[in-house]
Asks: 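Attaching a single structure in structure tokens format; questions to follow.
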Amino acid sequence: MSKSVFGIATTFSQAERIVEELQAQGFAASEISVLMPDTGGTHDFGHIKATKAPEGATTGATAGGATGGVIGLLAGIGALAIPGVGPFIAAGPIMAALSGAAIGAATGGVVGGLIGLGIPEIEAKRYEEKLKKGNYLIAVHTDESEDVDRAKQIFKTARAEDVTTVSEASARKSLNK
């Protein structure tokens, strides 16, 4: 069964260390997600914001290309403007979840997208609060239980906060409600 491990990094350098270690331990860049505040391009990211359809709770974006850093090499990087929460940069599978249908859930914003990924609502709200304070949400998707343990150990060694695991089955239930 597919699972994802989530955790919070409190600094950009901690987030980069976690992503680097995940990649060094064999996790594919396409399976790693990062959601972080967009503080005006101070993290060496180039992005172009472009408005999507008005029915969503996001402003979609296309990456103009990353100019450096391991996080900039992740798949699907772009910028999101989430009403009531602020501007974010997202990379990896979390980008699709936050810019897709899950974000339009009743709770909306980051919480709705995270619930769509299978995170329980109370944890999703805690993650959103931490993101509002400038922290970084990192996730890695895996199909093997030993990989879940390795990922959790990487997060713990890097002193990530609020490390949790969710199964794909939970995410499917949440999306089908």
Side-chain angles (χ1 to χ4, degrees), residues 1-39 42-45 63 66 68-78 80 85 88-100 102-103 109-175:
M1 177 186 300
S2 296
K3 293 187 177 196
S4 293
V5 179
F6 290 83
I8 293 284
T10 57
T11 66
F12 183 74
S13 60
Q14 181 187 30
E16 277 221 316
R17 281 193 311 274
I18 292 168
V19 171
E20 285 174 344
E21 188 57 28
L22 287 167
Q23 289 178 327
Q25 293 292 322
F27 292 96
S30 62
E31 300 299 336
I32 301 170
S33 293
V34 179
L35 181 62
M36 67 186 110
D38 181 355
T39 56
T42 58
H43 299 303
D44 296 327
F45 290 101
V70 68
I71 292 174
L73 301 176
L74 297 178
I77 192 164
L80 300 169
V85 183
F88 286 91
I89 295 175
I94 202 166
M95 179 69 180
L98 290 175
S99 61
I103 197 105
V110 173
V111 172
L114 295 177
I115 290 170
L117 290 171
I119 295 177
E121 185 174 355
I122 194 160
E123 288 182 48
K125 287 179 178 177
R126 184 173 51 230
Y127 283 149
E128 182 178 70
E129 284 306 311
K130 293 207 175 223
L131 286 164
K132 284 181 182 178
K133 293 177 181 173
N135 294 294
Y136 306 80
L137 177 64
I138 303 168
V140 62
H141 173 82
T142 182
D143 293 322
E144 306 295 328
S145 38
E146 59 269 5
D147 288 342
V148 169
D149 294 338
R150 274 190 313 126
K152 285 169 85 171
Q153 188 57 49
I154 291 167
F155 281 100
K156 288 178 184 175
T157 300
R159 296 182 180 197
E161 299 176 0
D162 298 315
V163 177
T164 191
T165 305
V166 297
S167 70
E168 190 176 276
S170 300
R172 266 194 241 116
K173 283 181 198 170
S174 296
L175 288 172

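Here the structure is a predicted model, which means the values were calculated and not measured.
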Asks: Can you sort out the partners of Asp162 under side chain to side chain contact (heavy atoms under 4.5 Å, CB included), two or more places apart, ordered by chain and number?
Replies: Ile8, Arg126, Tyr127, Lys130
Asks: Could you walk me through whether Glu128 and Lys125 pass the salt bridge (charged side-chain N to carboxylate O under 4.0 Å, His left out) test, one step at a time?
Replies: CA-CA 5 Å; Glu128 182 178 70; Lys125 287 179 178 177; over 6 Å; no
Asks: Looking at residues at least two apart in the chain, or sitting in another chain, which of them share a side chain to side chain contact (heavy atoms under 4.5 Å, CB included) with Ala124?
Replies: Val111, Leu114, Ile115, Ile119
Asks: For Thr11, give me all partners under side chain to side chain contact (heavy atoms under 4.5 Å, CB included), at least two apart in sequence or on another chain.
Replies: Ser13, Gln14
Asks: Using a strict 4.0 Å threshold on nitrogen-to-oxygen distance, state whether Lys152 and Asp149 make a salt bridge.
Replies: no
Asks: Check Ala151 against Val140 and note the closest heavy-atom contact, atom names and distance.
Replies: CB-CG1, 3.6 Å
Asks: Please report the shortest heavy-atom distance between Ala158 and Ile18, naming the atom on each side.
Replies: CB-CG1, 3.4 Å
Asks: Using the side chain to side chain contact (heavy atoms under 4.5 Å, CB included) rule, pick out the option among Thr142, Ile154, Val5 that qualifies with Leu22.
Replies: Ile154
Asks: Could you measure the distance from the CG atom of Asp147 to the NZ atom of Lys3? Nearest 0.5 Å is fine.
Replies: 12.0 Å
Asks: What distance separates Phe12 CZ from Arg17 CZ, expressed to the nearest 0.5 Å?
Replies: 11.5 Å
Asks: Look up atom CZ in Arg150 and atom OG1 in Thr157, then write down how far apart they are to the nearest 0.5 Å.
Replies: 12.5 Å
Asks: Less than 4.5 Å apart, side chain to side chain, heavy atoms only: is that true for Gln25 and Glu21?
Replies: yes
Asks: To the nearest 0.5 Å, what is the distance between CD on Gln23 and CD on Glu20?
Replies: 8.0 Å
Asks: Looking at every non-hydrogen atom in both residues, tell me the closest pair between Val166 and Pro120 and how far apart they are.
Replies: CG1-CD, 4.2 Å
